[in-house]
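Reviewing the structure listed below.
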Amino acid sequence: DIGLGELMPYIGDCPFGIHVWHLLDVIKRGHAAKLDVGRSRVVGFGLYQVVPFHDVLLSSWPTFGLLHRVCCDHFMGSAPHCTVDKKAGWPDVSARVVTPLAAVWRRFSRNTTTSIHGDENGDFTHTAMDLAALKELVAASQIVEQSWRRRWMNNSTADAALVSGWLGLQTENPSCGLWAQLAEIQRWLRARFEVPCMSGHVARSHVVRPACRLSAQAFWFDEASSSNDLLTQLSQIAKPPALDMQSSWRVPEQGKVAARQHSVAFATVLTCEDIVGKTDHAVSAEEARAVMLTYVDMIRTLAFSAKAFAEDALQAHFLVLLSLRSDTALPSGVQDALEALETDGLFQLMRLPPVPPHMRPRTWGKLQLWTLLEYELVLYLDADTLIVGSLNELFLEAVTAGPRLAFAAALTRSMAGLNAGVFLLRPDAKMYEAMNTSLETRHLWAGRSRWSGQTWKGEHRQNVGVDLGAVAEGCPACSNSSSLSQINGAGFDSQPGSQRNVLDDQDHLNEFVATHLAYMGEINIPSIRKEAISGDTASTTGTAGKCTRSNVWLQPYLATLAVNSPPYVPDAESNMAIFGEYCTLPMAYNFCATSDCLQRLAASGTVQQAALHRQLKQEGGSSRLGARVLHWPGALRKPWQRCAPAARSQLDDAWWHYYAAACAVAPLGARCQLSCW
């Protein structure tokens, strides 16, 4: 009895969610023989032209079971049409089609006996065998799908029998048995690999389990395997010395205290944005607590990795900036955990002034970084990052560049803009005032962003990205289709006139930096020597000798900078004389660790690969591919969402290593909360 409109906040962005609702509606109303053909083609069965059977099998959507139910209802429960048992007889070709798949499944089920939830010790086994067997199952399902497609692809799209043919509802050619066998295989796969959950971050046992966002863990096995293959492939680009990922992992030396010669800090921002004001439906108290405790463990792991690579010359503080609205409080237990970790010396907790009503908490938190005047430099890191190599040279290079170097950040995946997930800044009161003024007046800006193609004013979602050609025109950063898909698919904030979507902060930061600071090129990290720390560095100061614009991979960014600035920007040259200069960071300092990023790097002849080639030759970092900071952008690409080891890449394993090490020394008041079993 629930209408689709009521479900849209939950499944509006998921075509399969709408498809499942449609099937449930058909079953509820008993109109299997009178389906709305046009509607079914749009919101339902048209999906199977782009979504393969094996993806449905590995997902959590009970689609095949519902299709079998619709089929059986149509034939009034006739056993020959609905049975899974071949002895009862299948008077249709589905028996021949599904037999090879069933044989693979039976062999698979005999050979994989350990649940994803582990044995009594919580250990996972058979991951290699699971992956091999799943690949065989996928290959068999592709044969099934090809046979099935041949039965309906020749039908006219205007033919009213198309959908009923898809469902196997034609009396002369029924196929309920096919759906029955697929549904049984899917039920077994779900029991074997699915994480039992109550909500996105809460397991049925009520423990914190962010893997519930990816409850169908087997769906991600192939992606993890592909990521590892890509890592091996990419490591051969410049044939650097062989690096062992695990040998580069460090553990902080307990009790180590080093004198700081320069005042620097790491910083991240903690908000309640993910549980307050994000959607039209309420988040339960248990889910809200689990979300925030997940963030605590993310920050714990990040801070622990920073401590592991701390070096004597630049022993940096780690700051957690708590950015909340005046009417928002942390869920039960979260504040206590943060304070216990602070007491333990892992980080320093800073509660910021209340967030202004017109500004997002994360935007406000990042703005406050420029007020940390007691520090010479601050390196901001999103909570979904991990330090896997020394950052000593980066800080030293920035210190010796002098006060004119005000900002540095790595480029985005398109190499046409700055990524706001990791950036280095020099706190400055004038810069803070200028950025605050810019944020306050942004709602007056006209035109489109040259960084994402979005309009600067807060139009509603359906008005953004409708004309992709118009969006891309004058927007070099939008020439890549993935950037456009981000624009169309991003979520919008409810604050009127202040936010457009998740790219908003990054767009504004890009525009502010480009119109207030002079771009000098990419910072040359290897140019500084560690022994220069205590000596006279006057001869090597200044950004002119520290950064270069000649690298080929900077061309997309330079092209974006060349686009005429919007009319609202004050005199850029005057700004640059006042506020200073900025450089881009090498890829190593914000290395995207997700599968789609690695695939882009593997594409030959790209500017991204040119940057990686340089990194492999010169960086020599202490982790795979020379990365110093790993970053996992994307809502469903986080390592802590992957409980099953077969779903983790080698880079995901790095996060789990530091998480386990941090948990081993956790104080009593802040025990780790993430659970996989």
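Of all heavy-atom pairs spanning Trp656 and Pro639, the tightest one is NE1-O, 2.8 Å. Between Tyr658 and Val388 the shortest heavy-atom distance is CE1-CG1, 4.4 Å. Cys592 and Leu598 make their closest contact through O-CD2, 4.4 Å (heavy atoms, listed as atom of the first residue, atom of the second, distance). Residues Ala337 and Val296 share a closest heavy-atom pair of CB-CG1, 4.3 Å. Residues Val202 and Cys212 approach most closely at O-SG, 3.6 Å, considering heavy atoms. Closest non-hydrogen pair, Ser595 versus Leu230, comes out as O-CD1, 4.2 Å.
Looking only at side-chain heavy atoms (C-beta outward), Leu391 and Phe309 stay at 4.5 Å or farther from each other. Leu377 is not listed as a side-chain neighbour of Leu425, based on a closest heavy-atom distance of 4.5 Å or more. Side-chain atoms of Met520 and Lys546, non-hydrogen and from C-beta on, never get closer than 4.5 Å to each other. Residues Phe395 and Leu379 have side chains in contact (heavy-atom distance under 4.5 Å, counting atoms from C-beta outward). Between Leu369 and Pro427, every side-chain heavy-atom pair lies at or beyond the 4.5 Å cut-off. A heavy-atom distance below 4.5 Å is not found between the side chains of Cys547 and Glu522. When side chains are defined from C-beta on, Pro354 does not count as touching Leu324, because their heavy atoms never get closer than 4.5 Å. In this structure the side chain of Thr548 reaches within 4.5 angstrom of the side chain of Asn524, judged on heavy atoms.
Panel note: side chain Trp640, backbone Ala211; no donor-acceptor pair is recorded below 3.5 Å. Lys366 places no side-chain N or O within donor-acceptor distance of the main-chain N or O of Thr268, the cut-off being under 3.5 Å. Under the 3.5 Å distance criterion, the side-chain polar atoms of Arg209 are left unmatched by any main-chain donor or acceptor of Gly200. A donor-acceptor contact shorter than 3.5 Å is absent between the side chain of Glu581 and the backbone of Leu517. Put simply, the side chain of Ser323 gets close to the backbone of Pro361: a donor and an acceptor are under 3.5 Å apart. Judged by distance alone, the side chain of Arg637 and the main-chain N or O of Thr594 form no donor-acceptor pair under 3.5 Å. Side chain of Arg648 to main chain of Ala224: no donor-acceptor pair is present (N/O by atom type, distance under 3.5 Å, no hydrogens or angles). A donor-acceptor pair is defined here as one N or O able to donate and one able to accept, closer than 3.5 Å; no such pair exists between the side chain of Arg600 and the backbone of Thr606.
A donor atom on one side chain and an acceptor atom on the other are not found under 3.5 Å apart for Ser649 and Asn228. Side-chain contact, Trp632 with Asp652: a donor N or O sits under 3.5 Å from an acceptor N or O.
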For the pair Leu630 and Thr385, evaluate side chain to side chain contact (heavy atoms under 4.5 Å, CB included) and give the outcome as yes or no after the intermediate values. CA-CA 5 Å; Leu630 298 177; Thr385 60; over 6 Å; no
Give the C-alpha distance, both sets of side-chain angles, the deciding distance and a yes or no for side chain to side chain contact (heavy atoms under 4.5 Å, CB included) between Asp596 and Arg413. CA-CA 10 Å; Asp596 56 339; Arg413 286 176 284 177; 2.9 Å; yes
Passes side chain to side chain contact (heavy atoms under 4.5 Å, CB included), Leu270 versus Leu321? Steps please. CA-CA 6 Å; Leu270 179 62; Leu321 279 60; over 6 Å; no
Does Asn419 form a side chain to side chain donor-acceptor pair (under 3.5 Å) with Thr412? I'd like the steps, not just the answer. CA-CA 5 Å; Asn419 185 284; Thr412 59; over 6 Å; no
Evaluation steps, side chain to side chain contact (heavy atoms under 4.5 Å, CB included), between Leu418 and Gln506: CA-CA 7 Å; Leu418 302 176; Gln506 187 160 286; over 6 Å; no
Criterion ring-ring contact (aromatic ring centres under 6.0 Å, His included) on Phe347 and Phe266, from CA distance to verdict: CA-CA 9 Å; Phe347 53 67; Phe266 300 104; over 10 Å; no
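A salt bridge links Arg642 and Glu223; the closest N-O separation between the charged side-chain nitrogens and carboxylate oxygens is under 4.0 Å.
One distance of note links CD of Gln609 with CG of Leu234; it measures 7.0 Å at 0.5 Å rounding. Remark: Gln348 CD to Leu319 CG distance equals 5.5 Å, nearest 0.5 Å. Here CG of Leu338 is found 7.0 Å from CD1 of Ile299. Values are rounded to the nearest 0.5 Å. Taken from CD in Glu339 to CG in Leu349, the straight-line distance is 7.0 Å, to the nearest 0.5 Å. Remark: Leu330 CG to Cys272 SG distance equals 5.0 Å, nearest 0.5 Å. Of the inter-residue distances, the one linking Arg671 atom CZ with Cys663 atom SG reads 9.5 Å to the nearest 0.5 angstrom.
Ring geometry for Phe512 versus Phe579: interplanar angle of 30 to 60°, hence tilted. Ring orientation note: the planes of Tyr582 and Tyr557 are nearly perpendicular, at an angle over 60° on the 30°/60° scale.
Partners of Trp553 according to the ring-ring contact (aromatic ring centres under 6.0 Å, His included) rule, which considers only residues two or more places apart in sequence or in another chain, do not exist here. Evaluation of the ring-ring contact (aromatic ring centres under 6.0 Å, His included) rule for Phe423 yields Tyr380, Phe407 as partners, not counting sequence neighbours.
Each of Arg213, Arg204, Gln217, Gln641 was checked for a side-chain contact (heavy atoms from CB on, under 4.5 Å) with Val195, and the lone residue meeting it is Gln217.
Screening residues 287-299 for side chain to side chain donor-acceptor pair (under 3.5 Å) gives Ser199-Glu287, His201-Glu287, Asp274-Tyr295, Asp297-Arg300, Asp297-Tyr659 as the qualifying pairs, with residues at least two apart or on separate chains.
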